[in-house]
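Scroll down for the structure; my scribbles are underneath it.
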2 protein chains.
Amino acid sequence: MKKNDQITIHDIARALEIDSSTVSRALNNSSRVSEKTKKRILEKAHALGYQRNSLASNLRTNKTNTIGVIVPRISRNFFSNIISGIEDAAYQEGYNVVICQSLESFDREKKIMETLLANRVDGILLSTSMETLSLDHLKPYLTHGGPIVFYDRPCDFENCSSITINDYKGSFKATEHLILNGCKDIVYFSGPETVALYQNRKKGYVDALAKHNITYRSDYCMSSNLSENEGIRLAEQMLKLPQVDGLFSSNDTAAIGAMKYLKNQGVSVPNDIAVVGFNNHPISSVIEPSLTTINQPDFIMGQLASSMLIRQIKQGDIGVSKETEILDVELIIRNSSQKL
Amino acid sequence: MKKNDQITIHDIARALEIDSSTVSRALNNSSRVSEKTKKRILEKAHALGYQRNSLASNLRTNKTNTIGVIVPRISRNFFSNIISGIEDAAYQEGYNVVICQSLESFDREKKIMETLLANRVDGILLSTSMETLSLDHLKPYLTHGGPIVFYDRPCDFENCSSITINDYKGSFKATEHLILNGCKDIVYFSGPETVALYQNRKKGYVDALAKHNITYRSDYCMSSNLSENEGIRLAEQMLKLPQVDGLFSSNDTAAIGAMKYLKNQGVSVPNDIAVVGFNNHPISSVIEPSLTTINQPDFIMGQLASSMLIRQIKQGDIGVSKETEILDVELIIRNSSQKL
DNA sequence: ATTAGAAATACAATCGATTGTATTTCTAAT
DNA sequence: ATTAGAAATACAATCGATTGTATTTCTAAT
């Protein structure tokens, strides 16, 4: 286990009485080495138990074939599906993936950016933390590192591309679905309104109300971090409002918290209050009544983000133009929203 | 974004007309540099936008301050909680964490081992894939890399330590609970029996039956990969057995599949068939009836595994003795197991 | 047998840090 | 003012690869 028994190309070179540059070229399958020598080198490398040192190689070539992914929290089903998509595409292109969690903390996000730069990853996929207001901490990486692509949570920064789902449309569809099912007094659970994504979702809610001539009331719009506990707390607050017959929560987790509370309080879903969530979280199909929600193409978004980033890495600095890709979403109608 | 504008310690040295070794020592806060010079260097470093190159540093010092984590699948709640625990402890010790998914594939696991060795991570936390039968692919890392600690899925290999939960006891408790609630004909859903963890769980089931003088019947023990779909398939098979009044599934996912199928078929849980799972998956508390299950200290296991590995890394080769830590589990009694 | 041109291999510098040793500078005691 | 010893800094080698250029070896045409 001690480090002194590391085999290097020089050990191979010495054993075969050739130069280490030839060994290096052979191991990289260069056409400048004869087949015969390649075979000798490969055999000796195997016999000695040679394992390439990527640190040295990456230092010399100034690339790591690695992309960094910053994710708010990997335990969220939505994000772990995105990660699978990212890895799937990266894997096929021969890139490694380093996954880091910001845990929605700006300080951690900042520290992660430094670590990824110090380790010279070739590019970064970023979903900013909920605390992130300024993007200045991305500048060092953009000047000394490589491209950054935002996924899920879009940001308008320098010439960084974004790939997101159509939050506005999903929200609009969800709200309109409640209205078409007879709801008139619809509470909206919002995330932090500093986050562009939640601004878009709110706009979808507001516009759907407007289209159907329902007045928007600010006290029907409640912000939180959308955890299950916050869902419970907001549901409690909701029941104090004069009249409520529908709830649209901008994520499933808070919707589920609310449904648990409502069930406890003897409020019937959907008959008293119809509920729609957002995310198509696995629990949404298991809870009773099953939760109507918005499905997002998470895996595909991961794949697309990954290949977009790798394309930009390969292009190099020049010619990378800012792109914005918006993926379509789907309303999944279940039992929580259909009044009998 | 181009790489030619990388600032190195030599740029700082040149700007201040001092030697790069002094710059290096200053940046590492060595006592061999005067405070006055340190201040000048730090200021200049900041002014030039210097960012340390970890590749070079790691190459020279022959350590990366990074541990590798191989996990079957990060999207599983159980594993993402473990990862959070691992990161929590590593973070406090100043270590970075690289997370890799094997997706239960032996080939991927093998490839990941090579990549982690090539990148010279200081140690590895490993939960082997379900396909992994031989551990020979770990040998290169053990000889040229660093220590490996197994978590969750224990393995007996060289002097690698393991940290697991008490699968035997959990399984025993779960089975006994069903028996004490009146079950006599208990079906058992097993994972692949090549995996030590599932051997332990099976033994718990078998021993609990024996303790209560219930004959073990091999046709009541059904193996699968424990996916939700396999749970459905096995439930179907289960209903063909002459008599069944209880089901113990060695994970929640398969139990949930089974419960969905039973509900479909009009079989009452718990009255016709009482069900107990394993994992305390978030869905288990939401499904109706709520699922009795075994809670595992996942986050804590991650923390312990991480600090055990880091301790071994710091100790170095000599003096690392094989440890086996087994964490206690807890039976969480809900509605699916209590016949009325 | 000679030789031009291609093929194969060797030489040497380099990526950006770290670190043991040598040298210079400073401090304080005489 | 001198000087011993400590403090601060410089020198030079090194980690393990890669790569442009120089040299050697081979091939095939004369």
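Note that this is a predicted model, so its numbers are computed, not measured. In what follows, every chain begins at residue 1, and chains take the letters A, B, ... in the order their sequences are listed.
Positionally, the nearest nucleotide of DNA chain D for B:Ser20 lies more toward the 5' end than for the other of B:Ser20 and A:Thr61. With DNA chain D read from its 5' end, the first of the two nearest nucleotides for A:Thr8 and B:Ser34 is the one closest to B:Ser34. Comparing B:His10 and B:Arg32, the nucleotide of DNA chain C nearest to each residue sits closer to the 5' end for B:His10.
Among the protein residues, A:Ile18 comes within range of the sugar-phosphate backbone only, with heavy atoms under 4.0 Å from sugar or phosphate atoms but none that close to a base. The residue A:Ser57 sits close only to the backbone: its heavy atoms come under 4.0 Å of sugar-phosphate atoms, none of a base.
B:Arg52 has its CZ atom 8 Å from the P atom of C:dA17, to the nearest Å. Rounding to whole angstrom units, CG of residue B:Leu59 and C1' of C:dA17 are separated by 8 Å. If you measure from atom CZ of A:Arg60 to atom P of D:dC15, you get 17 Å, rounded to the nearest angstrom. Counting to the nearest Å, the C1' atom of C:dG20 and the CG atom of B:Asp19 are 13 Å from each other. For the pair B:Leu55 CG and D:dT14 P, the interatomic distance rounds to 22 Å; values are reported in whole Å. Taking atom CZ of residue A:Arg14 and atom P of nucleotide D:dG16, one finds them 11 Å apart after rounding to whole Å. Put simply, CD1 on B:Ile7 is 10 Å from P on C:dA17, counting in whole angstrom units. Here the C1' atom of nucleotide C:dC15 and the CZ atom of A:Arg120 are 11 Å apart, to the nearest Å.
For D:dT18, its base never sits under 3.5 Å from the side chain of A:Arg25 at any donor and acceptor pair. At a cut-off of 3.5 angstrom, the base of C:dC11 holds at least one donor-acceptor pair with the side chain of A:Ser21.
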TODO: Using the side chain to side chain contact (heavy atoms under 4.5 Å, CB included) rule, take B:Leu309 and B:Ile148 through it: C-alpha gap first, then chi angles, then the decisive distance, then the call.
DONE: CA-CA 7 Å; B:Leu309 180 68; B:Ile148 297 176; over 6 Å; no

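For the pair A:Asn28 and D:dT18, the criterion of a side-chain N or O lying under 4.0 Å from OP1 or OP2 is met. Under 4.0 angstrom from either OP1 or OP2 of D:dT9 there lies at least one side-chain N or O belonging to B:Thr37.
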Open item on the list: Show me the dot-bracket string of DNA chain C, counting Watson-Crick or G-U pairs under 3.5 Å, with | for pairs to another strand and [ ] for crossing ones.
Closed with: ||||||||||||||||||||||||||||||

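Exactly one of A:Leu327, A:Asp152, A:Ile82 qualifies for a side chain to side chain contact (heavy atoms under 4.5 Å, CB included) with A:Asp298. That residue is A:Ile82.
Side-chain contact between A:His137 and A:Glu114: absent, with no pair of heavy atoms (C-beta onward) separated by less than 4.5 Å. Annotation: side chain of A:Ser57 is in contact with side chain of A:Arg52 (closest heavy-atom distance under 4.5 Å). The closest side-chain heavy-atom distance from B:Ile83 to B:Val71 is below 4.5 Å.
B:Glu109 and B:Thr132 are linked by a side-chain donor-acceptor pair at a separation below 3.5 angstrom, with hydrogens and angles left out of the test.
Under 4.0 Å is where a charged nitrogen must lie from a carboxylate oxygen, and between A:Asp107 and A:Lys110 no such pair does.
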